[in-house]
Structures are given as C-alpha cells and as structure tokens.
Amino acid sequence: MYYDQGRNLNNVIKEFQMSSKTILITGCSAGGIGAAFALVLAKRGHHVFATARTVSKIPLEVSKHPNVTILPLDVTSAESVAQAVQAVATSNYQLDVLLNNAGVGYSMPVLDLDVNKAKQVYDVNVLGVIRTIKGFAELLIKSKGRIVNLSTCGATLNTPWISALNTISETLRLELSPFGVSVVTIMAGVITTHFHENEPSFRLPDGSLYGPIEEIIAGWASGKSKPKGCTPEQFAESLAGDVVGGGNNSMIWKGPHAGGVKFLAQWLPNWCRDTAMSINQGLKELKEDIVRKGGSIGKQQQPSAEDLSTIAVQLCDVFETVGFAYLVNCPLSFSHDDVFGIARDFFGLPLEDKMSVAKRTFRPSNRNTYRGYFPAQEGAAPDNLKEGFEMGPPDAVEGHRTKETSTCSSPSPSPFVLTEGNVFPSPSLPSANSSFSSRDKLEKLYAELQGLSTTLLRLLATAVGKPEGLVDYLLEGSVSTLRLLHYPPPSPAGKLLQQAKGQELQEQGLCCTPHTDSGLLTLLHQDATGGLEVRNAAGEWVEAPYVPGSLVVNIGDLMAEMSGRRFVATMHRVRSSGRGDGNGRGRYSVPFFFEPGVDALVGREGEEVRYGDFVLGKMRSWVEFQDVVEEGGEETIKPGRQPPEVNVSA
Ligand SMILES: O=C(O)CCC(=O)C(=O)O
Ligand SMILES: [Fe+2]
C-alpha cells in the first residue's frame with residue numbers, strides 16, 4: 001500500500017476526484033509553511049495566488065512556477081487586502097480556497113508582555129485573519145469555497161495569540177455554513193521553519209519575575225528547545241488534500257507531536273496537562289529558585305528598612321577593619337555558573353577573534369582605547385599573567401567621546417577615552433567556527449551589578465552621614481567597568497621565565513600583583529579555584545577562599561578617600577597556585593568596578609579631583625595600560641605591542 005509522509009491512499013483518491021482549484025495563501029516568504037504549500041499545490045496542478053507583505057521574499061521556485069500568481073498582501077492593512085481582492089476578482093480564476101498562513105511570533109510570560117507589541121501581534125495573527133476573510137468572503141461565498149486557518153496545537157496550551165484564532169475559526173465555521181463555505185483549522189505539530197527568526201533576540205524586561213529562567217524561556221522563544229519537527233515541505237505534502245478538499249472537518253491535527261497534544265488537551269484531566277506543560281518550561285526551576293531565596297519574589301525581595309540598617313552597620317564594620325565582605329543571597333538573576341559560562345564563552349574564542357576587539361595598545365589599527373580585550377603578556381609580566389575583557393555602561397555610544405573632554409574644566413590630555421562605547425566580538429567573526437553569543441547577558445549582568453552596587457553605596461553613604469544627593473551626583477554618567485578575567489595555566493616557557501625572574505617571585509607564585517582597586521566598590525565573582533589573598537591590618541596575607549554563590553565585596557581607593565580614610569581599601573593579590581581546576585582551563589574571575597562619572601569631583605574635602613583624572617593617574621601602574629608613555633608632556637599610547645603568536649593582518 002502506498003504511503004508517503006502522511007499522504008495516504010485516501011488523500012490521493014480524494015485529490016484525483018477533485019478538479020484543479022484556486023487557492024490564495026498569505027505569508028509565502030521563503031522557508032515558511034506558506035511557501036511550501038504554494039509549491040506543493042502548484043505542482044499538483046492547482047492555481048495558487050502566493051502572497052506576502054514583501055513579495056521579493058517569496059522564493060523563486062514558487063514565483064517562477066507557471067501555476068502561481070504573485071500578489072503583495074499585508075494582512076494588517078485593509079487597503080492592501082482590498083487591492084488583493086480586486087486583483088483576484090478581476091483575474092480569470094474563481095477563488096476556491098483561502099489559506100490564512102501569515103503570522104508572527106511573540107514569546108513572553110503574560111506578566112512581562114509589552115501591550116503595544118501584543119496589539120501588533122494580534123493585529124497580524126488574529127485581526128489580520130479576520131480582515132483577510134472579510135475581504136475575500138464575497139468571492140468564497142460565490143464559489144461555495146473553503147477557508148483554511150493555520151493554527152498550531154500549541155494554541156490549546158500556552159499560545160494566546162493563536163487560541164483566539166481557533167475560537168474565531170470555529171465560530172466562522174458555523175456562521176458560514178449556511179452559505180456553503182467550509183472552515184477548517186489546521187492544528188499544526190512541530191514544523192521546522194524560519195518562523196522564530198522574525199523574533200528579535202529574546203530578552204525579558206528588567207525586573208521580570210521570570211529572570212531566573214530567562215535562558216529556558218529564550219530557548220523556546222528562539223525555537224531551539226522545540227522538539228524535532230518535520231520540514232514545511234513534508235507538512236504541506238501531508239495536508240495538500242485537506243486544503244483543497246471539501247467537507248467540513250473542523251480541526252485537523254497534523255505534523256509531529258500534534259496527535260500527542262490532541263490526546264493531552266482533549267482526553268486527559270487538567271492536572272496531566274499542567275504537569276506535561278511544566279516540563280522543560282522552567283516553572284519547576286523557578287519555583288525552586290523562589291524557595292531557595294526564602295520564598296520571596298519580586299518586590300518582596302527588598303529587605304525591610306530594619307534589615308537595611310543592620311546590613312549598613314555590618315558593612316561599615318567590615319570595611320573599617322577587614323576590608324573585604326562576602327555577600328550571599330544577592331538579588332542577581334545570574335548564578336555563578338551563568339557568570340563563568342559567559343567568561344568561558346569569551347575566552348574560549350580563538351585568539352584572533354579576541355584580538356579583533358583588543359584595545360589599541362595591543363592592536364594599533366583598533367579604535368577602542370579603554371574598553372575591550374587585553375591579552376596575557378607572558379614575557380612582559382609573568383607575575384601578572386591574565387587576559388581580560390572589559391566593558392562599560394551598555395548605553396555608551398560606540399566610538400564616541402562624550403563628557404570626558406566636552407564639559408570638564410581641565411580636559412585630560414590622555415589618549416584613553418574612559419567614556420568610549422563598548423566593543424564586542426561580532427557574531428560574524430573572522431574565524432569560521434566561532435561565535436560570541438553572550439553580549440546580551442553581559443549587558444544584563446552589568447545593569448544588575450550597577451543596581452546592587454548603588455544600593456550598597458547608598459547604605460554606606462547614609463551610615464557615614466553623607467548627604468542624600470551625593471550618591472546621585474557621583475553616579476551621573478558612571479563609568480563602572482565589568483571585567484572578565486582569565487588566568488591561563490602557565491606555559492612551560494612562562495614557567496622558565498618566572499624562574500628567571502628570581503627566587504622571590506617564584507616563591508610567591510603570583511598571577512595578579514598586590515594592588516588596591518581605584519573606584520568606589522568592587523563586586524567580585526571568583527570561581528572555585530581559589531588563589532585570592534587579602535592583606536589584613538597586621539600586614540599579613542590571608543586567603544579569601546571561595547564561598548559558593550557569594551560575591552566578594554571590597555572598597556576602592558576612592559571610597560577610602562571619601563570616607564576620610566575610615567574605610568580601608570584593602571591590598572589584594574592572586575596566587576598562581578589557584579590557576580586551574582585541574583582540567584587545564586585556568587582560573588576565571590569577574591570583578592565589577594563600581595565607579596563614578598568621569599567629571600564627578602572626588603577625593604578628600606578641599607582636595608577634590610576629577611574622577612577621570614584620578615583614574616588615569618592610577619592606570620600608569622596597571623599591566624594592561626603599561627604602554628602609556630609620556631611624550632612632550634602628553635601621554636600617548638605606544639603602539640604595536642602584540643602577543644607574538646597573533647597574525648596582525650588577520
Ligand atoms: O581575580 C581576582 O580574583 C581579583 C582580580 C582583581 O583584584 C582585579 O582585577 O582588580
Ligand atoms: Fe583588585
């Protein structure tokens with residue numbers, strides 16, 4: 001017996017019994033179900049009006065087919081629909097079938113919906129269908145034709161844009177039956193199309209209650225988490241007979257998994273459906289996350305005023321003495337795994353891709369001076385062996401000099417532009433097989449860390465009796481830096497160099513030399529490798545061990561100054577013993593340096609300096625800016641330092 005992808009004997013017989021029909025299909029852009037239906041039906045001898053909002057998107061194979069007429073049709077425009085109706089009415093064809101296929105996707109938890117966006121989605125998916133049906137109704141009634149609405153089996157579960165269509169479709173089925181027009185809803189299973197590519201990269205709005213499961217939701221929004229489906233062509237083949245066939249068959253469930261969902265939706269009790277729908281949707285994980293955080297969600301996560309003043313007292317106490325604190329249960333939507341996943345994503349790129357965003361010091365042809373990548377400099381600084389990537393505020397304009405030189409009273413002659421925009425490895429990187437997909441996550445992490453640091457700064461400022469407005473003043477145009485660090489395991493050549501540098505260095509085994517941070521506060525994610533050490537008031541180096549899930553917080557020079565030296569900017573370093581988890585990957589850390597705006601006047605009362613100048617002064621001692629040289633009283637970047645293995649022309 002003949003059987004081909006659902007095109008069973010009955011369908012074949014049904015089709016042979018029917019003469020050639022004329023079908024108008026909406027949304028026939030390449031890669032989608034509409035285009036696949038157009039081709040399959042045209043090849044079977046039917047005449048097809050293949051329509052799309054942008055007709056150039058209709059694949060050539062369809063548009064060049066002798067049985068196809070191309071028409072522009074935007075289902076959100078009554079005028080466009082009227083023009084298409086006019087074109088069909090004045091053609092030599094009688095319209096037998098209207099296949100409403102055009103649709104757009106919008107995946108978002110209901111609480112996070114952007115209502116205007118939702119209106120647009122309804123305008124295409126629901127009102128667009130009504131507009132088109134109204135337009136073609138007269139022709140369809142004349143032919144006693146058929147309306148086929150493409151829906152999905154997801155409509156019975158969690159796709160509000162589509163379930164509205166189903167109700168309308170079923171209502172129309174009854175309302176049009178007296179006129180001899182049949183109405184069918186296709187409950188599509190999983191079809192692999194370009195549908196999700198129309199959705200921009202997924203991002204929950206700031207403050208979403210669903211933040212902890214954003215990645216899981218993103219997997220569904222992008223279609224990546226969908227089970228394997230059939231191709232649009234296979235799907236169209238299996239349904240061609242149903243589209244042109246008569247009969248009032250209401251709902252047709254077709255495509256991979258459609259049968260299972262039908263069974264679930266129509267036969268099993270609600271609790272079974274709820275259980276099935278909670279699998280891999282992140283709801284279980286979200287519940288666990290809420291329980292882990294003490295059963296509180298959203299706004300209730302904010303501690304009470306009493307809690308805040310207790311935290312303020314504890315922080316003051318710790319910054320006056322030890323200088324370092326561990327924050328636990330931080331209100332961040334990123335776990336340690338998430339944060340170090342981003343770091344691994346970046347540092348795992350081939351060197352030439354990282355060098356494509358290297359600071360100008362390391363690649364003279366690049367424009368970025370302050371943000372971007374700095375490579376490990378094994379020869380120049382074996383005791384400071386780290387590679388890093390730095391970004392500033394996500395909204396800084398790329399390659400744009402802002403306030404730094406425009407409003408300040410004494411413009412800095414430095415070639416470093418502290419306010420410059422961020423650079424990220426482009427998705428189409430020089431090397432074929434690599435890609436960096438964590439830009440959105442980095443920007444979100446930055447925003448969350450800036451928010452958390454602001455809360456901490458407000459607490460500290462109030463605790464030391466600073467005026468209310470000080471924090472807002474300092475943070476105007478804040479140039480905080482989020483830094484990804486990787487301390488690679490030393491190469492054999494690097495080990496030799498360390499030995500050559502002398503006994504003391506070898507014994508210390510440092511990969512980040514002792515320093516204080518320069519800004520207000522530093523919030524550090526360190527991985528489980530360890531190695532961070534802090535110098536206590538007695539001048540002894542003590543280990544700052546890894547505490548799962550915690551953030552290490554210390555204050556920088558600026559905060560120490562502003563507190564009248566009440567707080568200590570603690571000296572810290574990293575030992576290279578902590579340069580690997582044994583699997584040869586090295587150590588990762590992600591410090592966030594919370595900084596004021598470049599023009600904020602900072603420092604001790606009566607001796608205030610511009611923060612931009614303060615930080616540029618400090619940069620002279622940083623390994624990643626060692627190429628600042630004085631020439632004729634002005635600092636310039638000494639160009640041309642490259643890690644030896646990089647091909648400059650790459
Ligand atoms: O890697 C670490 O744990 C510390 C890094 C650090 O202190 C810094 O980058 O200022
Ligand atoms: Fe530091």
Side-chain angles (χ1 to χ4, degrees), residues 319 322-327 336 339-340 342-344 346-347 359 370-377 381-392 442 445-446 449 453 479-490 508-536 541-560 567-581 585-595 614-615 617-626:
F319 291 141
V322 186
F324 263 73
Y326 284 88
L327 286 189
H336 268 210
V339 172
F340 296 116
I342 300 173
R344 279 196 298 274
F346 180 86
F347 293 114
K359 297 173 194 218
Y370 186 59
R371 305 301 187 189
Y373 175 65
F374 62 88
Q377 300 161 65
D383 55 344
N384 215 342
L385 193 60
K386 58 191 181 200
E387 56 174 338
F389 173 77
E390 293 179 317
M391 66 173 283
L442 269 177
L445 178 63
Y446 184 104
L449 287 166
S453 307
V479 287
S480 301
T481 300
L482 178 59
R483 175 186 261 191
L484 307 177
L485 282 177
H486 177 219
Y487 301 83
Q508 281 182 352
L510 295 181
C511 54
C512 174
T513 46
H515 66 281
T516 53
D517 296 336
S518 53
L520 293 163
L521 292 167
T522 304
L523 272 57
L524 173 79
H525 281 88
Q526 65 163 335
D527 74 4
T529 334
L532 180 65
E533 291 181 351
V534 182
R535 201 168 69 187
N536 68 14
W541 286 104
V542 287
E543 220 182 298
Y546 170 69
V547 173
S550 71
L551 280 185
V552 181
V553 189
N554 64 287
I555 65 153
D557 295 335
L558 186 56
M559 188 74 176
F567 298 146
V568 197
T570 328
M571 197 58 113
H572 52 282
R573 66 184 188 185
V574 183
R575 264 186 183 286
S576 55
S577 53
R579 253 166 63 174
D581 53 7
R585 280 197 308 225
R587 175 181 190 269
Y588 295 96
S589 71
V590 180
F592 177 74
F593 303 106
F594 184 47
E595 295 170 84
F614 173 87
V615 80
K618 249 212 120 173
M619 275 163 62
R620 289 194 190 92
S621 61
W622 296 349
V623 64
E624 51 283 21
F625 295 103
Q626 269 175 15

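Numbering of residues begins at 1 and proceeds along the displayed sequence. Counting starts at 1 for both ligands and their atoms, following the listed order.
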Asker: Measure centre to centre between the rings of F389 and F347, then say whether the value is under 6.0 Å.
Answerer: no
Asker: Would you name the heavy atoms of H486 and Y588 that are closest together and state the gap between them?
Answerer: CD2-CE2, 3.5 Å
Asker: To check your reading of the model: name the closest protein heavy atom to atom 5 (C) of ligand 1, its residue, and the distance in Å.
Answerer: Y487 OH, 3.6 Å
Asker: Would you tell me whether R371 and T481 have side-chain atoms, one donor and one acceptor, within less than 3.5 Å of each other?
Answerer: yes
Asker: Nearest to atom 9 (O) of ligand 1, what protein heavy atom do you find, and at what distance?
Answerer: R483 NH1, 3.0 Å
Asker: Distance to 0.1 Å, residue and atom name: give those for the protein heavy atom nearest to atom 3 (O) of ligand 1.
Answerer: R587 NH2, 2.9 Å
Asker: Give the single entry among V574, V590, T522 that approaches atom 4 (C) of ligand 1 most closely by any heavy atom.
Answerer: V574
Asker: Which residue holds the protein heavy atom closest to atom 8 (C) of ligand 1, what is that atom called, and what is the gap in Å?
Answerer: H515 NE2, 3.6 Å
Asker: Quick one: report the N, O or S atom of D517 that is nearest to the Fe ion (ligand 2).
Answerer: OD1
Asker: Taking the side chain from Q526 and the backbone from A544, do they hold a donor-acceptor pair closer than 3.5 Å?
Answerer: yes
Asker: Is there a donor-acceptor contact under 3.5 Å from the side chain of T516 to the main chain of M571?
Answerer: no
Asker: What are the atoms of ligand 1, with element, lying closer than 4.0 Å to any heavy atom of H572?
Answerer: 7 (O)
Asker: R535 side chain to T570 main-chain N or O, any donor-acceptor pair under 3.5 Å?
Answerer: no
Asker: What pair of heavy atoms forms the shortest contact from H336 to V547, and how long is it?
Answerer: CE1-O, 4.3 Å
Asker: Flag S589 as yes when one of its N or O atoms lies below 3.5 Å from any N or O atom of ligand 1, and as no otherwise.
Answerer: yes
Asker: Taking only heavy atoms of P591, which atoms of ligand 1 are found under 4.0 Å from at least one of them?
Answerer: 9 (O)
Asker: For Y373, run the side chain to side chain donor-acceptor pair (under 3.5 Å) check against K359, E387, E390 and tell me which one passes.
Answerer: E387
Asker: Just which atoms of ligand 1 are under 4.0 Å from any heavy atom in F593?
Answerer: 8 (C), 9 (O), 10 (O)
Asker: So, does R573 sit close enough to ligand 1 that a heavy atom of it is under 4.0 Å from the ligand?
Answerer: no
Asker: Using distance alone, determine whether K386 and ligand 1 share an N or O pair under 3.5 Å.
Answerer: no
